[in-house]
Every structure is written in C-alpha cells, then in structure tokens.
Amino acid sequence: MDEIAEKWQRKWEEEMAFEVHEDPRKPKFYCLEMFPYPSGSGLHMGHAFNYTIGDIYARYKRMNGYNVLYPMGYDSFGLPAENAAIKEGVHPKEYTEKAISNFIRQQKKLGLSYDWNRIIKTHTPEYYKWDQWIFLQMFKKGLAYKKKAPVSYCPKCQTVLANEQIHDGKCWRHKDTDVEIKYLEQWFFKITDYVEELYNEIDNLKEWPERIKAMQKNWIGKSEGTEIQFMINGKPWRIFTTRPDTIYGVTFLVISAHHPHLYELVTPENRESVDRYIKSLKTVKEEDIETMEKEGVFTGSYALHPLTGEKIPVYAGNFVVAEYGSGMVMAVPAHDQRDFEFAKKYSIPIKVVIQPKDRELKAEEMKRAYTEEGNLVNSEQFTGMNSREAIGKITEYLSKKGIGKKAIMYKLRDWLISRQRYWGTPIPIIYCERCGTVPVPEEDLPVTLPERVRFGEGNPLLTNEEFIRTKCPKCGGAARRETDTMDTFVNSSWYFLRYTDPNNEKEIFSKEKASYWTPVDTYIGGAEHACMHLIYFRFYTKFLRDIGLINYREPVKRLFNQGMVHGPDGVVMSKSRGNVVDPLEMIEKYNVDTLRIYLVSTAGPDKDFIWSDETIQSSYRFVERIKLYFSNVKIGMSDKKTESKLNILIREVTSSVEEFKYNIAVIKLRQFFEYLEDKEEKTESKDVLSSFLKLLHPFCPHITEELWEKIGNNKSGKEFISLSEWPKADENKINLQYEKEEQMAKNLAADINNVAKLIKGKGAKIKKAYVYCLPNEKQGYMDNLEMVKRSIEMDIQVYAVNEKEKYDPQNKAQKAKPGKPAIYLEI
RNA sequence: GCAGGGGUGCCCGAGCUUGGUCUAAAGGGUAGGGCUUAGGACCCUAUGCGCAUAGGCGCUUCGUGGGUUCAAAUCCCACCCCCUGCACCA
C-alpha cells in the first residue's frame, strides 16, 4: 500500500483543500473533463489518462492564483444499466449507484483534485428535474415537438435512435445491427432552428482542434445552391441543386425511392413495377453501400423542363436520399457521375451543356461525366458563358421568372430525443382525450421515474399502470403519461452549468454563480464526441442564452482532445482484445505518482501512445530517486549556478504545462533533477528545493506534498503545496554562462574520449589526462570537472596555458584555442 | 470522393510557428565496459556509413522529386503513402 498517497488524499479531504466558492477578487478558471458513464467495469486507462491530464492543468492553474472550478459527476442514465437489469436481474438504479461509488473510490485513488462537494448524478430526480424543465421551456417555444416521421430503430436496443447515433446504417452500440426504418410518432428538438449559428460559429472556436471543427462542419453539412421548381402533372415539385449552370442538360428527374410522396407520381400502369422495385430495395440494402449500383424505375410521370418546356421522365431511384433537400434531384448525366451511370444503364439521353476549354465533348463518346468548369453550350441565351458565372446568372433568371431561388441546404436534421426505454429522463408530457398533448406544469416537476417496473420485451415503463395513469393538468380528467424517455445526451448537454450550483432546489442554477464560473475555460475529453455531445452541448448553450439564463454563445473556450491509450501490443486497449492495463493495478504495483507522470511522459497528451511496461519502470525509478534524494539533502545555501538552472526550469515548465506539452515539462524536470542528483554538494536552499517540488507537483502531487512537508513547509498541516504559489522565473538569476561552460566541458569530455579511442586502438593504456585551456576558461572547466571525470573514466588535471608549474612533456599547451583546450593523454 | 491530421534515426517520440548552434532532445532497446560471488539495480561509453596511431576528415540521412536561400527536417510547389471522420448530400 502506498502510505504517502493515502495520507495526503486523506488530508486533502479532511481539510477540504479543493473546495471552491465564488470569489470576485480572484480570476476564475473552469477546468472540465467529460464526465463518465459509470460502467460496471470501473475505471479504465483511458479514464485515468483523461483525468490526469485535467488534474495536472487544474493544479497548475490553482497554483497560479486562479479560483479553479474542477468538478466531477456521472452521466448515469443509459442503456448498459438497463441491459444489465435484463441480464442479471439487478435494478438499474442499484447497478448504477454501485458503479458510481466504485468510480468515486477509484478516482480518489488517482489523487484528483476535484471539489467533491459538487458531484452530480444525472439519474437523480434532483438533476433530471431540470432536464424536464428545459424540455418544457423548449416546448413553450415550439422547439420540442412531436411528429410522425420515418425514424431509425435499433432492434437490439429496442428503441429509436438519433441520426448522430447511426454509423454506416448501423446502431452506434451494435456495429453488426442494421437500423430499421419505422414510421413512428416521436419527440424532436428543433436543433435546425440553430443550424446557421451552429455552423457559422465554428470558425470562432479558435482554441478547438481543427479535426473536431472539420467534423462538425462536415456533419452540419452546409451547401449553397439553387432551388428550382419543376411542374409534374400540373403540380410544382422542388428540387435542390448546386449546379444550376447545367440546367439545360437535364434529361430526367429522380425522386428518392424512400420519398414519402413517391406514390403521388406513380401512374397506375407503373404501380406494379415500382412496388416490385421498392420491395427489392430491402435485400440490396444489406450489401455494401459502396458497391451498390445506381438503380431505379420509371414512375410513369413526366416533368416539364422549367426553361425549355421539354417532357422529362421522372424515375424513382436508390441513390437519392429522401431526407436531404427535397428528396428529389434533377439529373444531368453529362455532368454528374451518378446521373451518368444511371442514364447509361437505362439508355436515357445524355446532353452536353458544358464544354471544356481544351477539347470537345461528344455525348456518345463519353466514358464518364464531365464535372469541371467550362463554357456553356446548348443553353439558349447562356450559351458561351463560363459555367461558374452561369451559376449565378441562371439562378437570377429563374428567380425573376418565379421558378427558382438561391437556397442553403444543411444536412443536420432535428434531434430525435424519444427513447422507448426505461433508464432515462421521463418526458414531462400528459395525453388527455379532451385536451390533447399537455405539458406537465413546472410546479409538478420532477416527473419521477418509477422504480417498480418489469424488464423484458418492450418499454418497461408500460408495465407500471400507476405511473401511466394520471390526471390532466388542464381539465382534471383521466389522462395518460408519455412513456418515452429522453436520449441520455440530453442530460449531458448542460451539466457544466449545474456544477456551478449543484444543490439548488429552486432553480436550474443561480444566474450569478453561473455567470461567475462559466463558460468552461478548458474542456478535456476524447474525439468520439465531436458530432454528438459537442453539437448538442453547443445547441443547449444557445438555447439557454435565448431564454436569458446565460449571456454567451459558446460553452467552451478551449477544447482539448486526448489521445488513445494503446495496449503493449500496439492496438487500442479493449477488453475483447485482452490487452488492457488496469490503472488500479498499476497504482498497486508502483504508486499513483508513477502512473500519473508515466501517462504524460511518452508523448504529448493529444497523441495516441503505446503502453510500455519498461518505460513505466523508468518513471518509477525517477519517483523513487526523488524520495531518496530528499532524504539525504541538507538545507542550506544553493549556489548561483543551481539558481540559474532553476529559473530556466521555471520558465520552461511553465510554458510547457500551459501549452499541454506535459512530456516536455517532464523531460526538463528530469534533467534538472539529474543535475541536482549529480552534484557533489548535497546542500540546497529551501527555496530551490521548494520550487522544484512545486514544478513537479501537478504531475506527482503526493510525493511532492510529502517532501514539501519534510523540508519544513507545512508546519500547521494545512499549508499544502497543492495550494502554494507557482514559482515565477527570476530573469536576473539566469546566467547562460553556466550553460555554455557546461557545454564546453561536455565537448572536452567528448574530445578526450575520441583521442583515447584512437590511442587505445593501438593497444595503449592511459594513465591520466592533462588539459591546457585559456586562463579565462579554467574556472568553467574546474566547475564541471566531476562531470568530465565521470564520462572519461580517468584522472584529469586542468592547467591554464600560462601556468608556469604545469606538467606538459609534449608541449601540447600551445595548441589550445578558445573553447578548445589542448589535451595530453599520458600513456 | 470530400475534409482534418500525419510520415523523423533500431523502436518510441521532440524539433518545423521565429531557416543556421541538427546526425537531430528525452525515453526505450541493443552492444561494450565498470561495479558485483552472481543476477538485479546503479554508473560510463557507443549506437547512419567509411577512413584516421591525438581531438580530424569525407559521404549519406528527417516520405519522394523539384524549388527558394550563402544555408532547409524546418519555407514554397508537385507527387506518393498512412491514420481519422463523413460519405450515392444533388
């Protein structure tokens, strides 16, 4: 057992060392890690890495005079708890609470400096009450709404999913399970009301990783183009295109085979073939999308070309996405590869309307679509115009005629939050036969999740009649409660605000407290949340701003993505692969400080790294050597050189930590420590030793606390190094001459070794080295003589060239040059 | 296909913003030596190639090929490869 760690973890807790309160006199700093889902299997190395990175930063900022809010909580609603209930018969609540206490116990062992008084657990009514409250605010504004829509359903989860939770047509939790499309009435949040701001603001997130920003932009998927009306059977149908310049090349239209209004276009004589085609789609769907051929079927209807009035066949096709744009496209086979393939397959005419500058396209000779720019041909009055220019001109022309307009299209769709599962926040809605859909009045919140339910097939909430049966808040008549619960991403969309006032029973949080602490200054977590949590999080922030609770636009100033921890075999750690290293075991085997410093030693914390059993031992030895050193060192005076080196170190460690270059900081700390260790004189000033410990403290909080006390800094027992002031570099104490001399001494040692090698090659044995340097350099060499001696492993005598009494049998002294002393090795 | 990030010595991994002091930090591994009864730990040296009986010299390295410059791992251009995310988005 590690007594030192236990001792200090206990003391920090007893003295409530990391408890914080609003203090207008101090600058605040909000350091946040993505809170975990408390899984039953406990903390893994990825967690340990994540929290170590954050804790180092929190401790560093605290020592720099910031009032640091550094909280922890648990995203404790979610499917795994419910699945465990089905499998093992444990109630999700019991399962979750056990997992949370296990998490807390393990996190405390890591020496994390959280303010444990601010814990939040999203499965408690005290917390989810406010999820429901936000829902009601959204409902009031029309941002929470119910609609019947084609939604994706995972048969394994037995619930519908948000778009963000579907990857490659599979469930995010079940990579082997295709999602099914069902038409259901579901609750949505109207995130699309904020789509423009969500997109545009990405560029203002200066301290977010490019990768995340790119992923979000990609996900939101803005594209600018033109909306054009086509008349079909006397009714207008809209299509969206980014290439209105190719409009004269349209030879057919394609409507998505999944389009809800497809059958309005299907003529009776084509009905059977369309039906057959739609049915066949399901079997195709299981195959790989990449290899899927462009296919379709004629609907029987014709559209009129809006400019030429030509008759254009309308097809239903598998390559048009129903949910994007209007679910229908104009097809220009000559200038779009997909349309080209489709046209070839069904022998639809290809009409070239854009000619490249350097050659001439002939429709019948084309092997693939020409998608670059060029000059328009066969395009009435636009013929001859450059295609880029034509995009604007044709759009203008269409909008003058009232059959088209500029349009911006986004891929982002409304957030489907309904889940047909138990372990989540109940949606505060009541259905009354007479009054319809009625929101639960705010004063009746929370709608508590009943504990007595049966798990098995379907939504467990349906098994508790007491919960379902209720009175209509409007008319008092019999009514039923909504039994869907909310997506757990709802809970994590605003938790950073609740930490500022976690126990408030009257309101979601105090505006004053929230405005003191938020927004979050640094948010640390993995990149897997780029398109889910981090978008919802931003959306909520904007909504809460709009209802006047906060006054900023973005929740997080600086986002930091940590790398992935790979097992010793080089593959990402995973239980199924069996290459996990358990952080708790490592703490037992070595100690916490070793684990912490090791985790940030190998590479920058934003990089993936491979766990190495050898390297952690080197960290262990480092920690042990520090303890040993401090048990021998005497307190007294330090020399100027040491002070110079210390101040350089302060400068370097400070900037490295600030920039999250922890690995560099560790290297510098090690180099300085090795210098201390190698010194003959084992006496240092308390100031030097204290400063060194402070710089090391964020990495190794326990031993530094212990040694800090040992050298007499914590007499009252409450003056923790954790709460001490970060050292400031005193530029006046830095003298680079020392570094220069050290370098010269190193060069000298290398020279002597080189000469010795040549002589030894001849078989000679060297008795002693004589060195003749310029008089002004002698002191520098003398000061570093021990180091030189050690690396050349022979006795050495240094003379200044002008010394009369020197031993110089071969008259080498005359060869001495500045920075390059003469050498005589005696055989 | 689109977007973002990368390619550095045996491995891992800094450096590239602000070109030179870079054959290129730190760690690991390997080899040789010291210490030791032995092992471990610890300490020293070496670790691109070649030559050299006095600290020297030459050649070759930072994905590939060009360019800018007195000077490039670092700046510019083109290309190749790898990773990640999205993807039939019109």
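Below, each value reflects all heavy atoms present in this structure, side chains not excepted, and no hydrogens, waters or symmetry copies. Sequence lines set the chain letters: A, B, ... in the order given, protein chains first and strands last, and positions in each chain run from 1.
A gap of 14 Å separates the C1' atoms of G9(B) and G28(B), to the nearest Å. The same atom, C1', is picked in C10(B) and in G48(B); the two are 11 Å apart, to the nearest Å. Taking the C1' atoms as reference points, U8(B) lies 15 Å from C81(B), given to the whole Å. G27(B) and C43(B) have their P atoms separated by 11 Å, with the value rounded to a whole Å. One C1' atom belongs to A25(B), the other to C76(B), and the distance between them is 28 Å to the nearest Å. Taking atom C1' in both G40(B) and G34(B), one finds a spacing of 16 Å when rounded to whole Å. Between U61(B) and G66(B), the distance separating the two P atoms is 11 Å to the nearest Å. Separation of the P atoms belonging to C62(B) and G7(B) is 13 Å when rounded to the nearest angstrom.
Counting to the nearest Å, the P atom of U53(B) and the CD atom of Glu826(A) are 22 Å from each other. The distance between atom CH2 of Trp219(A) and atom P of C86(B), rounded to the nearest whole Å, is 8 Å. We find that CD1 of Ile792(A) is positioned 13 Å from C1' of G55(B), with the value rounded to whole Å.
Contacts between residues 405-416 of chain A and RNA chain B, counted as heavy-atom distances below 4.0 Å, involve Lys411(A).
Dashed line: the shortest gap from a side-chain N or O of Arg790(A) to OP1 or OP2 of C44(B) is under 4.0 Å. For Tyr824(A) and A54(B), the shortest distance from a side-chain N or O to OP1 or OP2 is not below 4.0 Å.
With salt bridges taken as basic N to acidic carboxylate O contacts below 4.0 Å, none links Glu196(A) and Lys222(A). Salt bridge Asp339(A)/Lys294(A): absent, no basic N to carboxylate O contact under 4.0 Å.
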Worked verdict on Tyr675(A) versus Glu677(A) for side-chain contact (heavy atoms from CB on, under 4.5 Å): CA-CA 5 Å; Tyr675(A) 161 79; Glu677(A) 223 183 2; over 6 Å; no
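A 3.5 Å limit on both hydrogen-bonding distances identifies no Watson-Crick or G-U partner for A24(B). Of all nucleotides present, only G1(B) satisfies the Watson-Crick or G-U wobble test against C86(B), with each distance under 3.5 Å. Pair assignment for G39(B) gives none, since no Watson-Crick or G-U wobble pairing has each distance under 3.5 Å.
For Lys757(A), counting side-chain heavy atoms from C-beta on, the closest listed nucleotide (A52(B), A25(B), G55(B)) is A52(B). Side-chain proximity of Asn218(A) to U45(B), G85(B), G27(B): nearest is G85(B). In the set G33(B), A90(B), A54(B), A90(B) carries the atom at the smallest distance from any side-chain atom of Ser223(A). Relative to the side chain of Arg621(A), the nucleotides G56(B), C42(B), C88(B) differ in distance, and C42(B) lies closest. If you check A54(B), G27(B), C44(B) against the side chain of Lys815(A), the one that comes closest is A54(B). The side chain of Thr242(A) lies closest to A90(B) when the candidates are A90(B), G33(B), G4(B).
Looking at every heavy atom in both residues, Val320(A) comes nearest to Gly327(A) through CG1-O, 3.5 Å.
Using bins of under 30°, 30° to 60° and over 60° for the plane-to-plane angle, the ring pair Tyr315(A)/Tyr346(A) lands in the tilted bin.
Between Tyr324(A) and Leu748(A), the residue anchored closer to the 5' end of RNA chain B is Leu748(A), taking for each the nucleotide with the nearest heavy atom. Annotation: of the two residues near RNA chain B, Ser791(A) and Asp751(A), the 5′-most nearest-nucleotide partner is Ser791(A).
Residue Asn754(A) places no side-chain atom within donor-acceptor reach of the base of G55(B), judged by atom type and a 3.5 Å distance cut-off alone.
The aromatic ring centroids of Phe672(A) and Phe692(A) lie less than 6.0 Å from each other.
For the pair Arg670(A) and Phe622(A), the cation sits on the ring face: its NZ or CZ lies under 6.0 Å from the ring centre, inside 45° of the axis.
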Per-nucleotide protein contact string for nucleotides 11-22 of chain B (B base, S sugar-phosphate only, - none; heavy atom under 4.0 Å): -SSSS-------
